[in-house]
Amino acid sequence: MIYNIYYLEYTKELLGMNSIQLKSRAKINLSLDVLGKRLDGYHEVKMIMQQIDLYDNITVVERRDRETIQILTECEFIPKNNGNIAYRAAELIRKQYNISCGLDIYIEKNIPVAAGLAGGSSNAAAVLTGLNQLWQLKLAQKQLMELGVSIGADIPFCIMGSAAIAEGIGEKLTAVDGLKNVWMVLAKPAISVSTAEVYSRLDLSKIENRPDTLKLLKAIKERDLYTLSKNMANVLETVTERKHPIIKDLKKKMIEYQALGSMMSGSGPTVFGIFKKYEKAKAAYENLKIINRQTYLVQSYSKGNNHE
Ligand SMILES: C[C@](O)(CO)[C@H](O)COP(=O)(O)OP(=O)(O)OC[C@H]1O[C@@H](n2ccc(N)nc2=O)[C@H](O)[C@@H]1O
Ligand SMILES: Nc1ncnc2c1ncn2[C@@H]1O[C@H](COP(=O)(O)OP(=O)(O)OP(=O)(O)O)[C@@H](O)[C@H]1O
């Protein structure tokens with residue numbers, strides 16, 4: 001059966017159920033530093049997170065006729081059971097607030113999967129935010145973020161949205177001025193990367209190129225894309241690059257196509273390039289798409305209305 005929005009509209013109408021639709025946006029890391037390793041295996045980080053206007057559409061439909069949670073999606077790369085992080089987010093909130101009502105969660109995937117763009121985390125954030133509204137739980141954003149971090153380090157930022165400095169394991173957030181409508185090209189090579197593996201392969205004693213967060217924040221504030229692009233750094237990049245040289249090749253191509261700067265996002269493998277003008281970004285997108293199927297032309301997103 002093809003689960004699409006028409007199926008959901010039909011179900012909603014048939015059963016007279018409550019529902020909510022939200023946009024679930026991806027992020028990139030404009031910088032990523034790892035400061036140390038904690039006893040629980042997680043790493044202390046310091047990174048600049050930036051939302052981008054590449055999003056999945058999430059529809060959550062309340063099912064009073066059953067107690068199960070169902071994931072509906074046409075995407076073949078994500079789990080349809082409790083392995084799906086959106087499922088786990090719904091289960092968490094139901095358990096915490098003793099709610100037995102069933103749910104259909106429809107995920108229209110546009111964000112590439114396992115890409116370093118927080119696609120899953122962003123879906124979980126949308127589900128937490130959506131259920132807070134749907135069930136009128138009146139939870140403050142801080143409470144939602146505390147729930148979120150128990151299932152994924154990137155979730156608090158995805159709840160908050162826009163742009164922020166993330167510290168701790170990613171959950172200590174300070175909102176900052178983000179990039180306003182800056183054109184970027186994203187290229188996700190056809191390889192899979194495990195976030196846990198990348199962190200575990202990082203040798204903390206051998207980090208060479210750490211980001212200067214203050215310098216980058218100043219550049220972002222002053223809309224100085226040149227300084228930003230030339231000084232971005234991600235300490236996980238060398239780890240992923242060592243195993244997958246395609247990342248270095250894609251960065252080189254971005255620069256050839258006149259990006260001001262290019263870097264890997266998160267633990268990878270997606271590479272992004274920052275462009276001064278739409279025309280240049282469009283040309284780079286057209287060229288890169290020929291050699292790398294999952295290529296996207298996007299803008300940064302720095303508005304308050306995260307899930308709209
Ligand atoms: C690489 C980033 O995406 C950058 O934003 C995040 O740091 C990762 O966030 P995430 O994918 O939401 O991470 P989680 O799903 O919580 O963790 C996956 C695995 O990555 C490692 N991990 C993650 C975050 C962190 N601060 N330190 C870690 O060592 C842990 O081994 C963990 O088991
Ligand atoms: N709703 C979901 N969307 C995407 N991936 C999901 C989802 N639920 C579970 N997954 C699984 O999680 C893994 C990571 O996918 P995801 O797209 O979140 O990676 P990512 O962009 O690298 O995340 P991050 O940047 O937070 O590390 C994949 O193996 C995928 O199958």
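Here, residue 1 is the first one in the sequence, and each next residue gets the next number. Model, not experiment: these values are computed from the prediction. Every heavy atom of this structure was used, including side-chain atoms; hydrogens, water molecules and symmetry mates were not. Numbering of ligands and ligand atoms starts at 1, following listing order.
Contact annotation for N123 and ligand 2: only side-chain heavy atoms (C-beta onward) come within less than 4.0 Å of the ligand. Contact annotation for P79 and ligand 2: only side-chain heavy atoms (C-beta onward) come within less than 4.0 Å of the ligand. Only the side chain of D154 comes within contact range of ligand 2, with a heavy atom under 4.0 Å; no backbone atom does.
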What does the N/O contact table under 3.5 Å look like for ligand 1?
from	atom 1	to	atom 2	distance (Å)
ligand 1	3 (O)	K27	NZ	3.2
ligand 1	3 (O)	D154	OD2	2.6
ligand 1	5 (O)	K27	NZ	3.2
ligand 1	5 (O)	N29	ND2	3.1
ligand 1	5 (O)	D154	OD1	2.9
ligand 1	5 (O)	D154	OD2	3.4
ligand 1	7 (O)	Y199	OH	2.6
ligand 1	9 (O)	D154	OD2	3.2
ligand 1	12 (O)	A153	N	3.2
ligand 1	12 (O)	D154	N	3.0
ligand 1	16 (O)	Y42	OH	2.8
ligand 1	16 (O)	A153	N	2.9
ligand 1	17 (O)	Y42	OH	3.3
ligand 1	26 (N)	H43	O	2.9
ligand 1	26 (N)	I169	O	3.1
ligand 1	27 (N)	H43	N	2.9
ligand 1	29 (O)	H43	N	3.3
ligand 1	29 (O)	H43	ND1	2.7

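For G266, the heavy-atom gap to ligand 2 stays at 4.0 angstrom or more.
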Pairs under 3.5 angstrom only: tabulate donor-acceptor contacts from the side chains of residues 125-147 to other protein residues two or more places apart or in another chain.
from	atom 1	to	atom 2	distance (Å)
T129	OG1	A125	O	2.8
T129	OG1	H307	NE2	3.4
N132	OD1	K138	N	3.3
N132	OD1	L139	N	2.9
N132	ND2	L139	O	3.0
W135	NE1	E62	OE2	2.8
K142	NZ	E146	OE2	3.3
Q143	OE1	A140	N	2.8

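With 3.5 Å as the limit, one finds a donor-acceptor pair spanning the side chains of K280 and Q258. For the 3.5 Å distance criterion, the side chains of E74 and Y106 qualify, holding a donor opposite an acceptor. Between D53 and Q299, the side chains place no donor N or O within less than 3.5 Å of an acceptor N or O (distance only, hydrogens not considered).
With respect to the salt-bridge test (charged N to carboxylate O, under 4.0 angstrom), the residues E256 and K253 qualify. Between K206 and D203 there is a salt bridge, since at least one side-chain N of the basic residue sits less than 4.0 Å from a carboxylate O of the acidic one. Comment: D56 engages K109 in a salt bridge, judged by a side-chain N to carboxylate O separation of less than 4.0 angstrom. With respect to E44 and K37, no salt bridge is recorded, no charged nitrogen being found less than 4.0 Å from a carboxylate O.
Of all protein heavy atoms, the one closest to atom 25 (O) of ligand 2 is A118 N, 3.0 Å.
Proximity to T195 (heavy-atom distance under 4.0 Å) selects the following atoms of ligand 2: 27 (O). Which parts of ligand 2 touch V113 is read off a 4.0 Å heavy-atom cut-off, strictly below it: atoms 5 (N), 17 (O), 28 (C), 30 (C). The ligand atoms of ligand 2 that sit less than 4.0 angstrom from a heavy atom of S121 are 26 (O).
Any N or O atom pair closer than 3.5 Å counts here, and I78 shares no such pair with ligand 2. Residue contacts with ligand 2: L117 is placed with a nitrogen or oxygen under 3.5 Å of a nitrogen or oxygen of the ligand (distance criterion only). Looking at G116 next to ligand 2, an N or O pair under 3.5 Å apart turns up.
Under the 4.0 Å distance rule, the nearest protein heavy atom to atom 12 (O) of ligand 2 falls outside the cut-off. Protein heavy atoms are found inside the 4.0 Å sphere centred on atom 2 (C) of ligand 2.
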